[in-house]
Number of protein chains: 4
Amino acid sequence: MQLKKRQLAIVEAALRLTASGGLGNLTVKKLAGELGVTEPALYRHFLNKSEIVKAMIGSFESVSDEVFVRIESEGVRGLSAVELFVKNRFQIVLKKPALSKVMFSEEQFIDEPEYSSLLLGMMHRHKENLCRMLREAQADGTVRSDIRLEMMFRLIFGPVRLLIKQWGMSQQGFDLLKTGDEMWEDLRKILSSGKERVGDEKTDH
Amino acid sequence: MQLKKRQLAIVEAALRLTASGGLGNLTVKKLAGELGVTEPALYRHFLNKSEIVKAMIGSFESVSDEVFVRIESEGVRGLSAVELFVKNRFQIVLKKPALSKVMFSEEQFIDEPEYSSLLLGMMHRHKENLCRMLREAQADGTVRSDIRLEMMFRLIFGPVRLLIKQWGMSQQGFDLLKTGDEMWEDLRKILSSGKERVGDEKTDH
Amino acid sequence: MQLKKRQLAIVEAALRLTASGGLGNLTVKKLAGELGVTEPALYRHFLNKSEIVKAMIGSFESVSDEVFVRIESEGVRGLSAVELFVKNRFQIVLKKPALSKVMFSEEQFIDEPEYSSLLLGMMHRHKENLCRMLREAQADGTVRSDIRLEMMFRLIFGPVRLLIKQWGMSQQGFDLLKTGDEMWEDLRKILSSGKERVGDEKTDH
Amino acid sequence: MQLKKRQLAIVEAALRLTASGGLGNLTVKKLAGELGVTEPALYRHFLNKSEIVKAMIGSFESVSDEVFVRIESEGVRGLSAVELFVKNRFQIVLKKPALSKVMFSEEQFIDEPEYSSLLLGMMHRHKENLCRMLREAQADGTVRSDIRLEMMFRLIFGPVRLLIKQWGMSQQGFDLLKTGDEMWEDLRKILSSGKERVGDEKTDH
DNA sequence: GATGAATGAGAATTCATTCAT
DNA sequence: TATGAATGAATTCTCATTCAT
């Protein structure tokens, strides 16, 4: 169900509030204030606060999915697809900091069963997508084969998440895109198959 | 400031509540109920709720520090020290799940400036310790030198955190210790210096 | 003031809502929902909610009056008229359960002065009509004369109301028409003048 | 569970509010105002508003039961027991008008499933008690045997209820005790067994 | 070391109603 | 004849905290 114009404005305001102060800062009153209306007005557009939060999560999902669509349509495969996905993470965070701050703190939602299933589903889909790409990369020999796919997913996504969190906690204190690129280079080093890597090292000397 | 007996009991109850339902589940009323006393009773032992939360954080810090003390006293160094630290993380999580669930969700605290500085300091100390160990490991040649220390910290700690989070979100659905050991093996593979690794690969064939 | 078609539909929806959940279930929002329109639409047809409630009461009155018109036009008198009235009560309840459930719970309205006078007037007219019939019945000897009219009204109408209430509270758990007929037989027994009754008893032996 | 002193005061205030304006007049705010405290204070004594309402119902039940205890302990039986019960109804109403006004309007509660079962249970117990007494009265010949017990219950209790309701709706406009006594005399007339009644009628002529 | 009673602030939500279109 | 957007007032309830005992 597509969000209407007014609903979109509400979700955006909700994201702003949540980004600056966590879910605890997202109250109907503040949300109404942010939009310059009274509280009951919101209930014309959403059944209740939960629906607003769910819409926030949904909005993150659709932004996230864009990159998969692009990867699909452009026919990118293997390690290049992983690279696209990883770098896209950082771009999303930069383009929609509110959205990102909210979504990379699943813990806030995880205790509310109403939200957690939504989130778990989304995370699972991401993992499936990434694992598929990694399988291709192992098959074509660009990625080492001595690490299981699921673990490899953690080796990639764990650092990505940590970097984003550090960026958020440092009050955007460094260039996320640049450090993200560096991280990708290092990820490629540690994940690439042996032959490639030996070659890489040679040029280092 | 050492916690007295009664304070300890309160902090433990607080950890239990926070573990099952997030910080939002930690209310003075529930805390009192958990302990079988009335709310005002708690104010005999802590100035206010904030102090209780801070004591929670502090209790995590002291548990965390134990491993550093051990590493120091036993004279462990380099990659072995990192290994001890990483595996200790998983052991802590298993031994004190409440504590862990709470502490590996910094986001919950990060929006309250009162808590976030405490946490940031703690995280910074951990990073410093780890980086020191990694520097030693690079120096003695057990760990590759083509990755900067800070990034290497992320490459190690990111996956560790993600694994712990997955374990929590999966309702303890897998053997954390076993998967943790596997993760460490893979971490060693990707971090070890070239020569070693080439050797590893030979044995694989 | 005759209700127009749209007004009638609104009153009927209002009756349905009130029947299933009491006056507390009658909100403008639900009423609009029941009719598939938005709330402001209702204000095209009624000045405010009060007018809708009053129309509900009025609609009960007109249904109630039908039996008096019939009694009048058919020239029925005395105990037979009372019988017609009483049995008509049960028929109304069956035919328009919503209407009945609402109207036999005057308490719901009685605390709102705006409605209570309407209701009191209606109840008073019913009592007057019934007392007139009973007077005729006492005059022609079919009904005992040792009980004052007003009290006799209570002795008849009290049980009738209680039966209807029991039927409603039992979720329509019994055959109201049949039990109503039985009640009328018993009412006739206790109200009939002595001679008749002695005769009745003889046949019992 | 016996009510504590403070709880009793709250229930009494709640009864006052409900008596003057129906359940709709019973809001936590008004209740707090009536007691001269703030709203949250009430939640120290009752879990929620529902519990207060239930306590109201319970308080009516205990007052109601007193008469049964008395009847039992004094060994009253048959029609005399019924008389005691009926007249006690009127006395209760006079002594605790708030309580009565509330309780003789079950409709207000009947739509809330939470309350209705409580009420239905109570009404059922009253009916059982009355029917037992009436059975004794039929057995000893003081009450006519040509009417089934359940119907006889309605013939007695229906008028009693209606009288109480009329008294309430008339703003206590008549002497309930006196009219109640008259009603009982008439009830006795219509319910007494034939022989008695023939005698009564003789004196009428 | 604890309780009973209370509070001010604020939470989410529902209500009947209005107004411009 | 209706809608979309909004509102003021009210609702029940929870929060951390205080204070006298």
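Naming convention: chains lettered A, B, ... in sequence-line order (proteins, then strands); numbering from 1 in each chain.
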Does the side chain of B/Arg6 come within less than 4.5 Å of B/Val37's, by heavy atoms?
-> yes

Nearest-nucleotide 5' precedence on DNA chain F, D/Lys49 against C/Lys4 | C/Lys4

DNA chain E nearest-nucleotide lookup for A/Leu47 and C/Asn48: closer to the 5′ end is A/Leu47

Any side-chain heavy-atom pair of B/Lys49 and B/Leu26 under 4.5 Å | yes

Secondary-structure notation, DNA chain E, from Watson-Crick and G-U pairs under 3.5 angstrom (| other strand) = .||||||||||||||||||||

Spacing of OG1 belonging to A/Thr27 relative to CG belonging to A/Leu17, to within rounding of 0.5 Å = 7.5 Å

Sort and list the pairs that fulfil salt bridge (Lys or Arg N to Asp or Glu O under 4.0 Å) and have at least one residue in residues 25-46 of chain C, not counting sequence neighbours.
-> A/Arg44-C/Glu39, C/Arg16-C/Glu34

Using atom CZ of A/Arg44 as one end and atom C1' of E/dT13 as the other, report the distance to the nearest whole Å.
-> 13 Å

Minimum side-chain heavy-atom gap D/Leu42-D/Leu35 below 4.5 Å = yes

Using the test side chain to side chain contact (heavy atoms under 4.5 Å, CB included), find all partners of B/Thr38 that sit at least two apart in sequence or belong to another chain.
-> B/Pro40, B/Ala41

Look up atom CG in C/Asn48 and atom OG in C/Ser50, then write down how far apart they are to the nearest 0.5 Å.
-> 5.0 Å

Quick one: list whatever passes side chain to side chain contact (heavy atoms under 4.5 Å, CB included) with A/Ser20, sequence neighbours left out.
-> A/Asn25

pair D/Leu8-D/Lys5: side-chain heavy atoms closer than 4.5 Å | no

Those residues at least two apart in sequence (or on a different chain) that pass side-chain hydrogen bond (donor to acceptor under 3.5 Å, both in side chains) with B/Ser64 are B/Arg89

Between the side chain of C/Glu12 and the main-chain N/O of C/Ala9, is any donor-acceptor distance below 3.5 Å?
-> no

With a 4.0 Å heavy-atom cut-off, tell me which residues in residues 6-31 of chain A come close to DNA chain E, sorted by residue number.
-> A/Leu26, A/Thr27, A/Val28, A/Lys29

Reading DNA chain F 5' to 3', which nucleotide is the first, and which the last, to come under 4.0 Å of any heavy atom in chain D?
-> F/dT11 to F/dT17

Counting only pairs under 3.5 Å, give me each side-chain donor-acceptor contact of residues 52-63 of chain C, with atom names and distances, residues two or more places apart or in other chains.
residue, atom, partner, partner atom, Å
C/Lys54, NZ, C/Glu51, OE2, 3.4
C/Lys54, NZ, C/Glu114, OE2, 3.3
C/Ser59, OG, C/Met56, O, 3.3
C/Glu61, OE1, C/Arg125, NH2, 3.1
C/Glu61, OE2, C/Arg125, NE, 3.1
C/Glu61, OE2, C/Arg125, NH2, 2.2
C/Ser62, OG, C/Ser59, O, 3.0

Contacts of C/Leu120 meeting side chain to side chain contact (heavy atoms under 4.5 Å, CB included) (sequence neighbours excluded), chain-then-number -> D/Met169

Those residues of residues 32-42 of chain C lying under 4.0 Å from DNA chain E by at least one heavy atom | C/Glu39, C/Pro40

